Amino acid sequence: MQGLAVVLFPVLLMLFALAMERVEFRLRRLTVREQEVQEFLDQASHAEVATLAQEGLPRALARFHLRRKRGGAEDDTLPERQAS
């Protein structure tokens with residue numbers, strides 16, 4: 001029984017480490033730089049702040065970057081999600 005534990009423990013430990021590496025990779029892709037957050041807070045429109053409150057930072061940043069790409073005019077034409 002102890003021999004089985006000696007063989008299985010390293011294998012299970014390696015599998016756990018690989019799984020944690022995949023989780024870390026996904027989390028690393030979702031992170032937002034501090035500079036982006038500061039820029040968003042300084043220049044966000046009312047619609048973008050509402051998007052932040054309703055849908056979270058990734059969607060609000062996407063909307064903010066889309067507005068900046070279009071020339072800086074406030075873009076209220078994007079559909080808002082209705083609160084249910």
Side-chain angles (χ1 to χ4, degrees):
M1 187 68 174
Q2 290 176 348
L4 185 60
V6 168
V7 172
L8 286 181
F9 183 75
V11 173
L12 292 175
L13 187 61
M14 284 185 3
L15 290 174
F16 178 74
L18 289 173
M20 288 298 104
E21 183 178 356
R22 294 184 85 179
V23 168
E24 181 184 3
F25 176 74
R26 288 181 185 163
L27 289 174
R28 198 176 301 146
R29 283 190 346 197
L30 295 175
T31 59
V32 179
R33 293 178 302 156
E34 182 180 346
Q35 180 183 0
E36 280 184 304
V37 173
Q38 187 62 41
E39 183 180 353
F40 176 81
L41 293 175
D42 290 342
Q43 301 175 6
S45 69
H46 293 291
E48 292 159 352
V49 173
T51 302
L52 172 64
Q54 291 177 349
E55 300 178 28
L57 188 61
R59 175 73 177 124
L61 275 175
R63 188 176 182 141
F64 175 69
H65 289 304
L66 180 64
R67 178 176 60 93
R68 291 194 61 206
K69 244 188 200 176
R70 291 185 177 174
E74 198 165 314
D75 186 11
D76 289 327
T77 60
L78 289 175
E80 293 285 332
R81 279 193 186 174
Q82 299 295 327
S84 6

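Values reported hereafter were calculated over all heavy atoms of this structure, with side chains retained and with hydrogens, waters and symmetry mates removed. Model, not experiment: these values are computed from the prediction.
- Under the 4.5 Å side-chain heavy-atom criterion for ILVMFWY residues, a single connected hydrophobic cluster contains both Phe16 and Val23.
- Applying the side-chain hydrogen bond (donor to acceptor under 3.5 Å, both in side chains) rule to Arg22 yields no partners; only residues at least two apart in sequence or on another chain are considered.
- A side chain to side chain contact (heavy atoms under 4.5 Å, CB included) with Phe40 is found for one member of Glu48, Gln35, Arg63 and no other, namely Glu48.
- In this structure Val37 satisfies the side chain to side chain contact (heavy atoms under 4.5 Å, CB included) test together with Val32, Leu41, Leu57, sequence neighbours excluded.
- Ala44 and Val49 get closest at one heavy-atom pair: CB-CG2, 3.9 Å.
- Hydrophobic cluster of Leu13: the remaining members, joined at side-chain heavy-atom separations below 4.5 Å, are Phe9, listed by chain and number.
- In terms of heavy-atom proximity, Glu36 sits nearest to Leu61 at O-CD2, 4.1 Å.
- Applying the side-chain hydrogen bond (donor to acceptor under 3.5 Å, both in side chains) criterion to Glu34, with sequence neighbours excluded, gives no partner residue.
- Applying the salt bridge (Lys or Arg N to Asp or Glu O under 4.0 Å) test to Arg26 and every residue at least two apart in sequence or in another chain returns nothing.
- Residue Phe25 belongs to no hydrophobic cluster, having no ILVMFWY side-chain heavy atom closer than 4.5 Å to its own.
- Under the rule for a side chain to side chain contact (heavy atoms under 4.5 Å, CB included), the partners of Val11 that lie at least two apart in sequence or sit in another chain are Leu15.
- Here the shortest heavy-atom pairing between Ala5 and Pro10 reads O-CD, 4.4 Å.
- Gln38 meets the side-chain hydrogen bond (donor to acceptor under 3.5 Å, both in side chains) test with Asp42; sequence neighbours excluded.
- The two residues Arg67 and Ser45 come nearest to each other via the heavy atoms NH2-N, 4.0 Å.
- Checked against side chain to side chain contact (heavy atoms under 4.5 Å, CB included), Met14 has no partners two or more places apart in sequence or in another chain.
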